[in-house]
S.K.: 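Just dropping this structure here.
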Amino acid sequence: MPKTSSEKQPLNSGAYDPVSLETEVSERWNTEKTFKKSIEQRRNSKPFTFLEGPPTANGKPGIHHVLSRLYKDMVCRWKTMEGHLVERKGGWDTHGLPVEIEVQKQLNLMSNEEIEAYGMEAFNQKCKESVWTYEEAWREMSERMAFWVDMDNPYVTLHDEYIESAWWSLKQMHDKGLLFRGHKVLPYCPQTGTSYSTHEVSLGYKEVAEPAVYVKFQLVDDNASVLAWTTTPWTLPGNVGLAVGPDVVYCRIRITEPPAGSWEGRGGAKVDDELILAKDLLPEVMRHKMEIIEEFSGSDLVGKAYHPLFPGAIDRGDSETAWTIVGADFVTTTDGTGIVHTAVMYGEDDYSLGMEVGFPAQHTVGMDGKFIQGTHDELDGQYVKDCDSKIIDLLSNDSQLYREHIYTHDYPHCWRTDHPLLYYAMDSWFVRMTAVKDKIIEYNSQVEWAPEWTGTGRVGEWLRNIKDWAISRERYWGTPIPVWICEECGHDHCIGSIEEMISLKTESSPTPKELHRPYVDDVKLHCTQKECNGKMVREPYVMDCWFDSGCAFFAQWHYPFENEDKFKGSFPVDYICEAVDQTRGWFYSLLAVSTTVFDSICYNRCLSLGHVLDNEGKKMSKSKGNVVNPWDHFNKEGSDAIRWYMTTQSAPWNPMNFDPNGVRETYAKMFLTLWNVHRFHADYALLDGFTPSDKSNFIPVEQRSPLDRWILSRIATVAQDYHNQFVSWEFHKAGRDLENFVINDLSNWYVRRSRRRLWDEADSNDKRACQHTLHEVLCTVSKLMAPVSPFMSDRIHYDLTGISVHMTDWPMGSDLVEKDLPPQDLELEKQMAIVRNLTETGRRIRVDSKRRQRLPCQSGWIVGGPDLSDFHAIIAEELNVENLETEDDLDRFQQIELFPEHKVLGKKYRAELPNVLAELNKIDSETLLSQIDSGTANLGGYEITMEDVSIRRVEKEGYAASTFAADDIGDISLVLDMSLSDSLISKGLAREITRRIQSKRKDLDLELEATISLNVWLSEDSPKLSSQDWEYVKFETRASNAELFYSESNNASDNFEVEGKEISFTLKLNN
RNA sequence: GGGCCCGUAGCUUAGCCUGGUUGGAGCACCCGGCUGAUAACCGGGAGGCCACCGGUUCAAAUCCGGUCGGGCCCA
């Protein structure tokens, strides 16, 4: 009896149930601590460092997370097998606006006021809890999909240690003079007191009809007014300048007559008033009759001063450009007047222009959305959007309004309160990225990007237009900005550690419970300026959460306070991998922090993944109902199948159209097939007591059959290609090749051709050679697929060897582990390719000639090609041919055809090519060849030489034959003899009967070894079955006693027809 | 509005860098074959304005320019 120890031989495997197989393997990993061991095994080896981009656990994991975790896992497993120490620390991103929004929804807190009324401490406590809402779901998904990462000791951005490291890095920037305070213009809702990200803004666009005004700005030292247009009258008190396009054509016009029709709304102009505006926009803007006095370009207007609309609303300060005209490239003549009203604090373009030319940067509007005291008597303290009409009145009364009208456009609104958002310059802290532009571009160019264009194109483009990084947020839940400002002298100080904060804090300040608001807000520091005795108060901001995650590479180790060795040993990181939307997110923030703090590259390789779309290429969204739940597939086809599908479906960086049917297909083809190959091997190995480790039974490769040596060579070749494609990030091609190998080479050819070898009940060298071969091939296949689909590969490898595949070495070897592949024989591979081509060709001939496959042909001839005598038995059997011969006289069955070589002829004849081809088309191949041979091939004046044509041999007409081209070998034909004889008919009949009985045995679920009793009735006029063929039937169907009748049956259980003659049989299982 | 990527059969895709014979597969469909071979396999068929328009060229799925559609990032 065979032994049952799994260490010695395969277990009987049973039907493939992905869910239970994967669950069992997963449990074994847990019991045997395989993940930990796979790392510990390489403890003293060269590290390959991976950095996990931290997900946020306050959202449910989706199918796109499966994709990124797959590629992270795949590379880490692969590098582990190559012999590296690959530690994978988990991480959680826990701060930021999305968390706050979630909690605000939960608690129905719609504004900052309400949050503060609720209490910041309690609010932040809720945020902290909310962050872990889906942690369990993330863990379950990660485990189910076999993403190996240490989730028991993750880095967490809300931990004091992490925050302290982030503080330290900000201090480095501060000390290098890279940190400064400025403004950032953001969409802002005064009702909720919050500014919005573009993402949130896009939730609330609404079409609105609002007053828009054409305003006259009276020039100083000139009787003309400049006409500007705005859709936000509330920004007019904040006006400090006007912008013109330097190359735009403007004109000065004089009003000659009042308007012809009735005038709508307020405003107007008197005859002889002079106005200046863009010439192209005259018809749109003007309602009066007028004449053009003068034309000039915008640059002629630059420098002219005008009178402020609301004198005293803004203090000129030391600005020399306030209330003058300046040039700006963004000015166009698509709408308005070609002259742009600029209020520095209420528009992004306005702000950057104001900074550039030195306009005063002062607010006329408070954070509450109301005009500040001192703006204007009639406006002070009122909500700006309520003042549109009043402002228009004021302008109209002063004759500063030309015209008003209603303007309809899409404008962002607060998705919570439905109020229009104001573009508002918020106080903000910045990192001066513009100062390190050259460096960061240089570091980026050192990264190995996959695909390359992400680095050169996407990231490169972004870096060339780099802007200073606004790192502060007026929020509650986040890493507090560690900057304190002295109330007395205004000096700012950046804290770099808890210790430093404690040493500077005033005696009355409490020691914060943790490094979050509101606790750190209560800490006051002694001013660090020598002469100053003031108290320093913390800036009330938190950091952009991208800054948090951008610190991951050192903050995960609490560097520089701890783990110096761990940090130094893992920096720069070898590999990171996230979806392409991280280009301006994490990919950038890591690079930004490493450049500014460490003056170094941050990661050596970055794989940027495409997005997962639905099967129509549309974005997945809840509202469209096209979101794929990974568990639907985990629970059906298994995570191996989903991982393999995702890998092979498209290049990692391409957007993936996720097709649930594709997962099904992968399951049915790759996994069922591989599993059945494994089961086939395991069944016979168990039956025969095959022990791969028993050296006395070993058959050296060179003594095995050509078929064995072929499949071994194939797996060596495939492994080589597979590895090369891994190296060049083309995992999709690698996977497709391996799948092709498993299905076509291994299952459809090697196993199919080897079935009978294993049926042999007696022990034989050939059988053992086959078993060793299967064992070796399956081991190598499991190793290659282990990084992609870690469950089945491990199950197979473990069944075969008792060792987890994830503890083994990469078969291709590396600079750390030995190569372990069978010998290659490319000549043999070529020959087998031809053999398989011949058998397919044979089937084609039979279809064309309407000759059933089971009816043998007496003779077949192979014409041309290499010596295939090793394989004649196989070919004859596949073709069902009695005698297979090689025909050396090529002309017997083949004729010559010449094909023009377009590439050669094109170079030679250029534009004449069509004529040459027409000439070649006229002449027959034999004649042309003889002319070329005699050196006189001249067609219509064109000389044709041997280089201009290729010779192909095709089968002669009238034969049951077909020709195919083999690489480097030329054309090979197969010819089949279609004649019939009694003997052939008898053999064909035997095959038909056998096939039917076998099918019946299978229907009855008979054991393979079971013997049967058999009666067969052929009709009286049926062709006779020879006694030899009858023996064949009995042998094949394991009929220990059998009888053949030529008569009508009276009690047959089954019958069928062959060529119109009825055949029937009965079959009984022997006891 | 700017940048980057994608568009090939009903679906998923190869080929494009480096132009050259008839654009190659798989799924699904139809016909046939084969099977102690598995949701498998083999042969054949049908199914392609290679998104569209223009250019370069003897020759374009391939190179160039533009348009449209999809995706992402930034404004």
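All values below come from the heavy atoms of this structure, side chains included, with hydrogens, waters and symmetry mates left out. The sequence lines fix the lettering, A, B, ..., with proteins before strands; numbering per chain opens at 1. The shown structure was predicted, so the numbers you read here are calculated from the model rather than taken from an experiment.
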S.K.: Check this for me, if you would: do A:Glu878 and A:Arg836 make a salt bridge, where the nitrogen-to-carboxylate-oxygen distance has to be below 4.0 angstrom?
M.R.: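 No, this pair does not count.
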S.K.: Please pick, from B:C41, B:G33, B:U38, the nucleotide with the shortest atom-to-atom distance to any side-chain atom of A:Asn748.
M.R.: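 Nearest nucleotide to the side chain: B:C41.
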S.K.: Find out whether A:Leu609 and A:Val580 are in side-chain contact, i.e. whether some heavy atom of one side chain is under 4.5 Å from a heavy atom of the other.
M.R.: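 A:Leu609 vs A:Val580: side chains apart.
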S.K.: Rounded to whole Å, how long is the line connecting atom CG of A:Leu913 with atom C1' of B:G19?
M.R.: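 Distance, rounded to whole Å: 13 Å.
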S.K.: When you compare B:A14 with B:G24, how far apart are their C1' atoms, in angstrom units rounded to a whole number?
M.R.: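 Per the computed distance, 6 Å lies between those C1' atoms.
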S.K.: Between B:G36, B:C42, B:C34, spot the one nearest the side chain of A:Arg852, thanks.
M.R.: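 Selected nucleotide (nearest to the side chain): B:C34.
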S.K.: Please classify the nucleic acid contact of A:Phe680 as base, sugar-phosphate, or nothing, using heavy-atom distances under 4.0 Å.
M.R.: nothing
S.K.: To the nearest Å, how far apart are A:Leu879 CG and B:G43 P?
M.R.: 13 Å
S.K.: Between A:Asp683 (CG) and B:U38 (P), how many Å, whole number?
M.R.: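 After rounding, the reported distance stands at 12 Å.
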S.K.: If you go through the side-chain atoms of A:Arg664, does one of them form a donor-acceptor pair with the base of B:A39 closer than 3.5 Å?
M.R.: yes
S.K.: Which is more 5' along RNA chain B, the nucleotide nearest A:His611 or the one nearest A:Trp653? Just name the residue.
M.R.: A:Trp653
S.K.: Under 4.0 Å between a side-chain nitrogen and a carboxylate oxygen: does that hold for A:Arg753 and A:Glu877?
M.R.: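 Salt bridge: yes.
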S.K.: Between A:Tyr424 and A:Tyr346, is the gap from one ring center to the other below 6.0 Å?
M.R.: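 Yes, the ring centres sit under 6.0 Å apart.
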S.K.: How far does the C1' atom of B:U38 sit from the matching atom of B:G45, given to the nearest Å?
M.R.: 26 Å
S.K.: If you assign each of A:Val904 and A:Val677 to its closest nucleotide in RNA chain B, which residue comes earlier from the 5' end?
M.R.: A:Val904
S.K.: Which of the following nucleotides, B:G36, B:U13, B:U38, is nearest to the side chain of A:Arg1001?
M.R.: B:G36
S.K.: Report the relative orientation of the aromatic rings in A:Trp449 and A:Phe587; use parallel for angles under 30°, tilted for 30 to 60°, perpendicular for over 60°.
M.R.: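 A:Trp449 and A:Phe587: perpendicular rings.
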S.K.: When we call it a touch if two heavy atoms are under 4.0 Å apart, what does A:Glu912 touch: a base, just sugar-phosphate, or nothing?
M.R.: nothing
S.K.: Between B:C42, B:U38, B:A14, which nucleotide has the shortest distance from any of its atoms to the side chain of A:Arg843?
M.R.: B:C42
S.K.: Round to a whole Å and report the spacing from CD of A:Glu897 to C1' of B:U22.
M.R.: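 Result: 13 Å.
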S.K.: Mind checking A:Arg753 for me? I need base, sugar-phosphate or nothing, with any heavy atom below 4.0 Å counting as a touch.
M.R.: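 Nothing, no nucleic acid heavy atom in range.
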S.K.: With distance as the sole criterion, do the side chain of A:Ser747 and the base of B:U38 form a donor-acceptor contact below 3.5 Å?
M.R.: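 Such a pair is found, so the answer is yes.
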S.K.: Between A:His633 and A:Phe658, is the gap from one ring center to the other below 6.0 Å?
M.R.: yes
S.K.: Grab the CG-P distance between A:Leu463 and B:C4 for me, whole Å please.
M.R.: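 Nearest whole value for this atom pair: 14 Å.
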S.K.: Could you write out RNA chain B as a dot-bracket string, with dots for unpaired bases, | for bases paired across to another strand, and Watson-Crick or G-U pairs counted at under 3.5 Å?
M.R.: (((((((..((((......[...)))).(((((.......))))).....(((((..]....)))))))))))).
S.K.: For a quick check of understanding: with a heavy-atom distance under 4.0 Å over all strands, which category does A:Gly662 fall into, base, sugar-phosphate or nothing?
M.R.: nothing
